[in-house]
Amino acid sequence: MTEVFLGTIVLEPNRWFGVTHERWGTTAVSAWLDAIAAAGFDGIELWESHFRDADPEERQAILDHPLPSPSTTPTSLSTTRSTPTATLRPS
């Protein structure tokens, strides 16, 4: 069965420096997780900046959501891109 993941970078207006002159996350991914799950995605590919640049409450909201399960460890890690990303899937 094919699994479909949403890369959170597609939600980010600053992915090509569109909002700031630096590449950092401006979108609260946790606000989108219910809609991503409802749309039928199997998981997310979390852009590093969406977690690294988030405040502690946002990080915890991402980890607590059932889509990327808190008990889930990254199933793949890409370091070939300029910004590493981790793929998470529900357990």
Side-chain angles (χ1 to χ4, degrees):
M1 181 178 191
T2 301
E3 294 180 313
V4 179
F5 297 86
L6 180 90
T8 63
I9 195 166
V10 303
L11 304 172
E12 181 56 57
N14 198 40
R15 65 184 173 266
W16 290 296
F17 312 101
V19 177
T20 70
H21 294 292
E22 297 177 13
R23 192 172 175 175
W24 54 275
T26 61
T27 300
V29 171
S30 64
W32 289 88
L33 293 177
D34 287 338
I36 293 168
F41 286 95
D42 297 305
I44 62 170
E45 180 182 53
L46 184 62
W47 184 44
E48 176 188 24
S49 294
H50 281 148
F51 196 82
R52 183 195 62 216
D53 300 336
D55 62 35
E57 292 81 17
E58 173 65 5
R59 288 181 185 178
Q60 197 60 51
I62 293 169
L63 292 173
D64 288 345
H65 195 277
L67 183 63
S69 173
S71 63
T72 302
T73 56
T75 59
S76 66
L77 179 63
S78 170
T79 56
T80 58
R81 299 179 183 161
S82 60
T83 303
T85 57
T87 302
L88 305 175
R89 80 182 66 185
S91 56

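Bear in mind that the values here come from a model prediction, so they are computed numbers and not experimental data.
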For side-chain contact (heavy atoms from CB on, under 4.5 Å), just list the numbers for Leu11 and Leu6, CA-CA rounded to whole Å, side-chain angles, deciding distance to a tenth of an Å, and then say yes or no. CA-CA 9 Å; Leu11 304 172; Leu6 180 90; 4.3 Å; yes

Which atom names give the shortest non-hydrogen contact between Phe41 and Phe5, and what distance separates them? CD2-C, 3.8 Å

Rounded to the nearest 0.5 Å, the CH2 atom of Trp32 sits from the CG atom of Leu67 at a distance of 14.0 Å

Measure from the side-chain N and O atoms of Asp42 to the backbone N and O of Val4, and report whether any donor-acceptor pair falls under 3.5 Å. yes

Could you please spell out the steps behind the side-chain contact (heavy atoms from CB on, under 4.5 Å) verdict for Asp34 and His65? CA-CA 8 Å; Asp34 287 338; His65 195 277; 2.6 Å; yes

Heavy-atom pair of closest approach, residues Arg59 and Arg52: NH2-O, 2.6 Å

Does some side-chain heavy atom of Thr27 sit less than 4.5 Å from a side-chain heavy atom of Thr8? no

Strictly distance-based, threshold 3.5 Å: is any side-chain N or O of Glu58 a donor or acceptor partner for the main-chain N or O of Phe51? no

